[in-house]
Amino acid sequence: MHAERVDFTIVLFGASSDLAARKLYPSLYQLARWGQLTGEYRIIGVGRNDLSHEEYRLQVAEKIRSFSPGAIDDETHFAGFTGRLFYVMADIEHIEGYFRLRNEIMYAEGKPGVCSHLLFYLSTPPDLAPHIVRNLHQAGLGGKEMSCSGWRKIVVEKPYGSDLKTAGELNAVIGSAFNEDQIFRIDHYLGKETVQNILVFRFSNGIFEPLWNRHHIAGIEITIAENFGIRDRGAFYEHAGLLRDIIQNHGLQLLASVAMEPPVDLSADAVRDEKTKVLRSIRLVTPETVDRSVVLGQYEGYRKEKQVDPDSRTETFAAVRFFVDNWRWKGVPFLIRAGKMLAETVTEIVITFACPPQNFFGPAESCSYTANQVILRIQPEETIAIRFGVKRPGELVITDPVYMKFDYRDTFSQPGMTPYHRLLLDALDGNQMNFIRQDSVEYSWAIIDAIRECVADRMPEVYSAGSWGPPAAGELKGSI
Ligand code: BG6
C-alpha cells in the first residue's frame, strides 16, 4: 500500500455537483471497497446547503446507489464508508465557512492543529477557484503554510480558466498558496487506459517509432465525437463552446501524446516537458490561415436547448487543422475534429502513412484506399488496428484494405478502474504525470485564443443531428 493513501482528509468543494455525484463519490467508495484507501481517511464535503453530517451521508449514499447501482455489494462496508463522510456548510466566497472547515478538520483529526494530510478537490465552476484558494490560504489551509509534517495537495477540475488571461490569473492565485508539485490539474482523458497506452505503444515497440515522423506519416486525425447534445449544461455550454470544452484540453492532450518526443525518463516532469514542447510548437492560426484551417458548426436544435440563447453563435462542433512546427512534424497536418450530436460516439486517433512511391496495383486511386494506418481507438471500443493492403482474391491484381486488430477486452480481464479511480489515486500518491502542468495549460489556451479571435465574427454552420458535422469539415480532412 502506498504510504500516502493512509490517514488523510479529502475536502471536496462542490459537494453537490453533478461530477461529484456521478464520478467522485462512486469512485471514492469503490477505491475504499478495493482496499486502496486505508487508515483513518475522511471526506469532508463543502457546499452551500445547510446539511448535518447525517443528512450529507444519506444524500451521498443515495447518489452512489442511483449512479453506480452495482457498486455496493456489502452494506456493512458501505455504512463504514459513509461514516467517514462529514459536511461543512460554506459560502465559497466568504471566509467564515473556511474557519468552520478548519475546525472540522481539527475535530475530525481529533488532534489540535491542521497538520494532517489534506487533499482539496475543486469540483466547482472555474470562477470560484480563485475565491476558494484565497480563502484556504487566509484560513491557514494553503499548501505553503504547513507547520508540521503533513502533505497538502489541490486538485482542480477543468475548465482551468476560460482563456489565457484567466488561466494565467488562476495560476497566479493558486501558485501563491500552493507549490506546483502540490497542484493537480485534471484532464480526465489522461486517466483513460487507452490514452496512457499511447506512450507505451509508441516507446515500447521498435517497429513504429522509426516511421513516426514527417518522412513517413502523411497526416494524423483525431476524432472526439458524441452522438448526444449538451444535455442539461446549456448555461455552461453557452459560455464555453466546443473549442474550449474539448479541443483546448482533451484534443490537444491527445495530439501532444501522439506527437511528443521520447522523454528522458518516466518521471512526471520528463513526460510533461515533452508534451509541453509539442504544444509550444503548434503554429497559431492567423486571419490569413483561419479559413483553410477551421470549420465550426452548431447542431440543428441547439438554440432551442434549455438556457441557450435563441440567437446563439456558440459552436458545438469544431474541426481544426494544426501544424506542429518542429523537426519531426514540419508540414504534417494534424486534424482534430470534435462535436456534439454527431453520428456516433467515438474517440480515435488515425495515423495515416505516406503512400509507396509507385502504385503497381489497381485501382489507380488505391493509395488513399489502402494507405497504411495505425488506428488507436480510445473509446468506446478499446482497440488498436493496423491497416494495410492485400491482393483481392481473383484474376485481377487489385488491392483491398484489411485490418489487424488488438482489443483490450479480448486480451485482458477488465480491472474496473475508470479515469477517476486512477487520477484520484495518482493525486493521493503525488504522481503528477497525468495532470496538466501550468505551462501546458497556458500554451493550450494561447492556441485556442488565437482561433477564437479569428472566428469571433463567424456564425457556425448549422449541421443536422446524426451527421458528421458541416460538410466543409470533410474538405479539411481531404487535405491531409
Ligand atoms: C468533458 C466535457 O470534459 O468531457 C463534456 O465537458 C464531454 O462536454 C466529456 O461530454 C467527454 O468525456 P468522455 O470521457 O465521456 O469522453
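Reckoned from all heavy atoms, side chains included, excluding hydrogens, waters and symmetry mates. Both ligands and their constituent atoms are indexed starting at 1 by order of listing.
The six-membered or imidazole ring of Y56 lies near that of Y87, with a centre-to-centre distance under 6.0 Å. In summary, the aromatic rings of Y408 and F406 are positioned with their centroids under 6.0 Å apart. Between H131 and H94, the gap from one ring centroid to the other reaches at least 6.0 Å.
Of the protein's heavy atoms, Q379 NE2, 4.3 Å lies nearest to atom 15 (O) of ligand 1. Looking only at protein heavy atoms, the nearest one to atom 12 (O) of ligand 1 is H188 NE2, 3.1 Å.
Closest heavy-atom approach to atom 4 (O) of ligand 1 among the candidates E157, H250, R233: H250. Compare K158, R231, E226 by their heavy atoms: the one nearest to atom 3 (O) of ligand 1 is in K158.
Residues meeting the salt bridge (Lys or Arg N to Asp or Glu O under 4.0 Å) test with K405, sequence neighbours left out: none.
Those atoms of ligand 1 that come under 4.0 Å of a heavy atom in D245, given as number and element, are 2 (C), 5 (C), 6 (O), 8 (O). Taking every heavy atom of K192 and a limit of under 4.0 angstrom, the matching atoms of ligand 1 come to 13 (P), 14 (O), 16 (O). In summary, the atoms of ligand 1 found under 4.0 Å from a heavy atom of K340, numbered by their order in the structure, are 5 (C), 7 (C), 8 (O), 10 (O).
Not one N or O of T347 is nearer than 3.5 Å to an N or O of ligand 1, by distance alone.
The shell of residues lying under 4.0 angstrom from ligand 1, judged by heavy atoms, includes Y189.
Across all their heavy atoms, R458 and V294 have their closest contact at NH1-O, 2.9 Å.
Salt-bridge check for K165 with D449: failed, with every basic side-chain N at 4.0 Å or more from each acidic carboxylate O.
A side-chain donor-acceptor contact under 3.5 Å links T347 and Q379.
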